[in-house]
Amino acid sequence: WIFGAALHGVAYLAETSFIYNVKPDGVTCCSTPRGQFRRPVAFADMLVFVDLGQLWTFDGTALTDIYFTMFLSKGREYATEQPLLLFQATEDHLLAVRDGGDVMMTTDLQTWTCIGQAPADAASIGSLDGTVYFGGIEGQVFGFAEPSW
């Protein structure tokens, strides 16, 4: 399995170009919330994932494009020109880096707040005790000076 997350008791597991719905009574093959379904995370009673460089949500039935274009850092996923997946559900917040480098935060997927700028070579994002940290493409660790929540 490459990517997977669970929502409402159903696991959605993506392998290559197939997405499997795994329910307690068995596997349903090859249904898809969306084409790429990259790195889904459960947040705010939805699955949040990337497809075509944008953040999307899936509530178990319907897809919603939230029109959030992902950050294109100096690092690239799988040595391609695709944006890195710089978003993370952490400490009851969803952090995501928008194209241009703005670090956006939400607690409900409705209201987003810009909390700063990501380093140009950010390759990962996370938090500890409200302070946002970034991993760089050459092993560096960067962090905001103050907690964001």
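If you're wondering where the values come from, they're calculated on a predicted model, not measured in any experiment.
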Check for me, please, whether [X] and [Y] land in the same ILVMFWY cluster - side-chain distances under 4.5 Å, paths through other members count.
| X | Y | answer |
| --- | --- | --- |
| M70 | L109 | yes |
| F49 | V10 | yes |
| Y67 | W56 | no |
| M46 | M104 | yes |
| F142 | V97 | yes |

Nearest 0.5 Å please: distance from the [atom1] atom of [X] over to the [atom2] atom of [Y].
| X | Y | atom1 | atom2 | value |
| --- | --- | --- | --- | --- |
| D59 | L7 | CG | CG | 7.5 Å |
| T57 | L47 | OG1 | CG | 9.0 Å |
| I115 | M105 | CD1 | CE | 5.5 Å |

Which atom of [X] lies closest to which atom of [Y], heavy atoms considered:
| X | Y | result |
| --- | --- | --- |
| V41 | A89 | CG2-CB, 4.3 Å |
| A123 | G136 | CB-C, 4.2 Å |
| A42 | A5 | N-CB, 4.5 Å |

- Is it true that F58 and Y12 have ring centroids separated by less than 6.0 Å? yes
- Item | Residue pair T106 / D108, side-chain donor-acceptor N/O under 3.5 Å | yes
- ring pair (Phe, Tyr, Trp, His ring centres under 6.0 Å) with F134: which residues, sequence neighbours excluded? F144
- Donor-acceptor contact below 3.5 Å, side chain T64 vs main chain I66: no
- Query: Where do F71 and V103 land on the side chain to side chain contact (heavy atoms under 4.5 Å, CB included) test, with the steps shown first?
  - Reply: CA-CA 9 Å; F71 178 58; V103 180; over 6 Å; no
- Message: Between F68 and W112, is there a side-chain heavy-atom distance shorter than 4.5 Å?
- Response: yes
- Task: For residues 86-102, pull every pair meeting side-chain hydrogen bond (donor to acceptor under 3.5 Å, both in side chains), keeping only residues two or more places apart or in separate chains.
- Result: R39-Q88, T90-S127, E91-S127, E91-W149
